Structures are given as structure tokens and as C-alpha cells.
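Written below as C-alpha cells is the structure these notes are about.
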Amino acid sequence: MKNKVSVIGAGNVGATVAQYIAQDELADVVLVDIIDGLPQGKALDLLEASPVRGFDSIITGTNDYKDTAHSDIVVITSGLARKPNMSREDLLIKNTEIIKSVTEKVAKESPNSIIIMVTNPLDIMTYVCLKVSGFSPNKVLGMAGILDSARFRAFVARELNVSVADTHAIVLGGHGDLMVPLPRYCTVCGVPITELLSGKKIDEIVERTRKAGGEIVAHLKTGSAYYSPGACATEMVAAILKDKKRLIPCAAYLKGEYGLTDVYAGVPVILGAGGIEKIVEIKLTKEEKNALHSSAEIVKKNIKKITI
Ligand code: APR
């Protein structure tokens with residue numbers, strides 16, 4: 001039987017996730033949006049590309065959550081995106097309402113699914129989704145660390161003129177300007193970048209990674225990034241459906257790990273058929289741990305501003 005993935009929100013990120021999942025033949029895709037015609041039109045367009053691109057995944061568009069029933073995975077991208085001069089936190093109140101109502105419907109139709117949150121502010125929306133769905137924490141995760149790490153890798157690869165395939169990076173913390181890139185764990189084919197780049201250059205890459213989402217918003221002016229978030233959400237879907245046991249940084253619910261409780265933060269996890277199968281605790285320096293805690297504090301403060 002083919003896998004089924006529902007993507008909620010047929011905007012820029014949602015449509016890109018649907019495209020990548022279908023092209024990689026990971027699953028049949030149901031694209032959902034509140035706007036009548038938008039998911040139907042994009043799904044049909046994508047389906048008509050399938051003979052040329054050579055994929056047999058079936059994509060359907062709908063405004064009815066009944067069509068999402070029994071999904072294996074649900075990727076949530078519905079909500080407002082950033083515009084210039086907006087932080088991810090500026091989306092907090094409006095997107096909380098959207099995520100609450102979407103989660104209720106998703107959980108009702110697919111009570112055994114795994115939910116991947118993409119909507120920002122990411123760590124808080126994932127928390128809202130956990131609480132509203134009543135799912136176990138291993139089945140509600142957020143797409144952030146993998147994207148922040150991908151951005152870091154792209155910058156390192158360009159700086160050293162090496163293939164991105166040989167780069168590895170790990171970025172922890174909340175998906176905000178206080179995220180915590182860990183340069184000493186970033187390597188090119190196992191060689192730490194601290195051996196390959198100057199401290200000044202690494203600092204510049206760290207800073208650019210922190211602001212990478214904003215850099216794209218400043219260019220686009222009418223919205224935020226979607227190719228890279230779409231690619232990263234798809235990578236998480238693949239890890240789960242193929243039970244790959246990938247070690248990927250994701251927003252995970254912490255119950256004491258890294259000294260943090262009742263909060264989502266980007267940490268390395270093993271991703272497989274069970275969703276988050278293990279939270280991996282790596283040794284952090286005092287500074288790194290402090291940075292992770294500061295970033296989680298902001299998330300906790302923002303959680304207090306909303307009613308779930
Ligand atoms: N139910 C379903 N879809 C909804 C709902 C809802 N209650 N509310 C809004 N939407 C849809 C919108 O109609 C729109 O089509 O969500 C879609 C969002 O698409 P875009 O505006 O193109 O935003 P996008 O760039 O896809 O970003 C979506 O992902 O990366 C994050 O920060 C980003 O929070 C933002 C989200």
C-alpha cells in the first residue's frame with residue numbers, strides 16, 4: 001500500500017513540500033487549504049507534470065479534512081508568513097489560532113499520524129500542536145534545525161568551494177535569531193571547519209545562518225523562504241516513511257534533556273518510523289549550553305503570551 005501524506009496549507013511552502021514528496025515518490029499527497037480552488041488547482045497542475053517528470057504519486061487538492069483521513073504523516077504549513085521587518089514572533093497570535101483549529105481537524109482524521117510542523121514561530125506552534133492534538137511527543141516534531149543546518153552547510157560549501165555532499169553541520173536551539181550553531185561539530189568530510197576556516201570567517205557564517213531566513217524575506221519582500229523549508233520537511237518525511245534512523249536536528253519536546261523541560265527546542269534526534277525515536281544528548285560547552293537555554297527561554301516567554 002502506498003503511503004499517504006497530507007500537507008496543510010497550499011501556499012509557497014505547502015506546494016513545494018507536495019512537489020518534492022510526489023517527485024521523490026515517497027507517498028500520495030493530499031494538499032489542503034482554507035481557500036477554495038487553491039489546493040485543487042495546484043494539485044491538478046502537479047499531477048499533470050507527473051508524466052513528464054516521471055512520478056506515479058497521486059496528488060489531490062481539497063478543502064475538506066475528511067480527505068486527509070488515515071494519513072501516515074501530516075505536514076502543517078498553514079498560516080501567515082513573514083514580511084520585511086517582521087520577526088517570526090510577530091506571527092504568534094494569528095498563527096496560534098490557525099494551528100489550533102488545523103490540529104483539531106488533523107488529529108480527528110488521522111489519530112495515528114506523525115505531525116511535522118513548519119509554521120512559524122516554529123517552536124511555539126509545535127508546542128500548540130502537541131497540546132491540542134494530545135499526541136505523544138515523539139509524534140509531534142518541528143522542522144527547524146535541519147533547515148538551519150542546511151543553510152550553514154550551503155554557506156560553508158560556497159566559502160570552501162567544496163561539494164555540499166561532504167558538509168555536515170549541526171544547529172541547535174529555537175528557530176530564531178538566538179539559534180545555536182555549533183561550528184566545532186561542523187565538518188567537511190569529517191574535518192572540523194575550525195581547521196579549514198578562520199575564526200572571523202566562521203563567525204560571519206554563524207551570523208549569516210542566524211539571519212538567513214530574514215535575508216530571504218528582505219529579498220522577496222512579499223513572503224518568506226520556501227524551497228529550502230520544503231526540501232527539509234521532505235527529508236524528514238523520507239526519514240520517517242523509510243524508517244531511516246537519520247540523526248537530524250529537529251524541534252523536539254524536552255522533558256529534562258539538556259536541562260530543559262516542557263519546551264520545544266532544536267536538538268539532534270533519531271528520526272525513524274516511530275517519529276522521534278531518541279533525543280541524542282551531545283556534550284555542550286558551558287557557553288553552548290547557556291546559549292541553548294537563552295534561546296529556549298524566549299520560546300517559553302512566548303508560550304506564556306498565548307492561550308491554548
Ligand atoms: N487552514 C488551512 N490553510 C490555511 C489556514 C487554515 N486555517 N489559514 C491559512 N491557510 C493557508 C493560506 O490560505 C495560504 O495558502 O496557509 C497558506 C500559507 O501560504 P503562504 O502565505 O504562501 O505562506 P508560506 O510561505 O507557505 O509559509 C507558511 O511556513 O515557513 C513557514 O513562516 C512560514 O508560517 C509560515 C508558513
Side-chain angles (χ1 to χ4, degrees), residues 6-21 30-43 45-46 61-68 71 74-110 115-129 132 141-148 150-151 174-177 179 211-236 250-251 266 302 306:
S6 291
V7 179
I8 317 300
N12 283 335
V13 178
T16 308
V17 173
Q19 180 186 350
Y20 290 152
I21 291 175
V30 178
L31 194 54
V32 184
D33 203 281
I34 201 164
I35 298 174
D36 179 35
L38 183 72
Q40 291 87 346
K42 289 195 180 179
D45 193 9
L46 205 45
T62 182
N63 308 110
D64 186 349
Y65 281 81
K66 286 207 173 63
D67 297 323
T68 68
S71 297
V74 179
V75 182
I76 299 182
T77 76
S78 49
L80 305 185
R82 280 198 287 170
K83 304 245 161 55
N85 302 319
M86 282 174 88
S87 74
R88 292 181 181 90
E89 282 69 31
D90 290 334
L91 309 170
L92 184 62
I93 303 299
K94 186 74 195 141
N95 282 354
T96 297
E97 289 315 308
I98 293 173
I99 294 308
K100 274 162 73 177
S101 98
V102 164
T103 302
E104 276 169 16
K105 294 172 198 151
V106 162
K108 183 166 168 252
E109 299 299 338
S110 302
I115 303 179
I116 300 177
M117 180 60 61
V118 180
T119 302
N120 276 309
L122 192 274
D123 306 275
I124 305 152
M125 294 304 106
T126 320
Y127 185 88
V128 171
C129 182
V132 174
L141 53 155
M143 189 288 296
I146 181 172
L147 172 59
D148 300 324
R151 288 171 165 160
H175 185 49
D177 295 347
M179 67 181 72
K211 306 253 166 75
E215 186 178 351
I216 291 173
V217 173
H219 283 303
L220 293 177
K221 298 181 185 68
T222 53
S224 53
Y226 49 99
Y227 291 119
S228 51
C232 292
T234 304
E235 194 71 355
M236 290 169 69
C250 295
N302 280 315
I306 55 170

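Each residue takes its place number in the sequence, starting with 1. Here the structure is a predicted model, which means the values were calculated and not measured. When a ligand or atom number is given, it counts from 1 through the structure's own listing order. The figures here come from the full heavy-atom set of this structure, side chains too, leaving out hydrogens, waters and symmetry mates.
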For [atom], what is the nearest protein heavy atom, given as residue, atom name and distance?
atom	value
atom 4 (C) of ligand 1	S78 CB, 3.5 Å
atom 31 (C) of ligand 1	V118 O, 3.5 Å
atom 26 (O) of ligand 1	V13 N, 2.8 Å
atom 34 (O) of ligand 1	L80 O, 2.8 Å
atom 15 (O) of ligand 1	D33 OD2, 2.7 Å
atom 19 (O) of ligand 1	G11 CA, 3.2 Å

Is the closest heavy-atom distance from P229 to ligand 1 below 4.0 Å? no
Quick one: which of L31, I8, I34 has a heavy atom closest to atom 7 (N) of ligand 1? I34
Can you figure out which of A15, G79, G223 has its heavy atom closest to atom 21 (O) of ligand 1? G79
If you measure every N/O of [X] against every N/O of ligand 1, is any gap under 3.5 Å?
X	answer
I35	no
N120	yes
N12	yes

Please report the C-alpha distance between D148 and H175 in whole Å, then the side-chain angles of each, then the deciding distance to 0.1 Å, and finally whether the side-chain hydrogen bond (donor to acceptor under 3.5 Å, both in side chains) criterion is met. CA-CA 8 Å; D148 300 324; H175 185 49; 3.0 Å; yes
Numbered atoms of ligand 1 (with element) below 4.0 Å of [X], judged on heavy atoms:
X	result
A81	23 (O), 25 (O), 27 (O), 35 (C)
T77	28 (C), 36 (C)
I98	5 (C), 6 (C), 7 (N), 8 (N)

Side chains of S6 and S71, donor plus acceptor under 3.5 Å: yes
Polar side chain donor-acceptor pair, Q40 to N63, under 3.5 angstrom: yes
Would you name the heavy atoms of M117 and M125 that are closest together and state the gap between them? CE-O, 3.7 Å
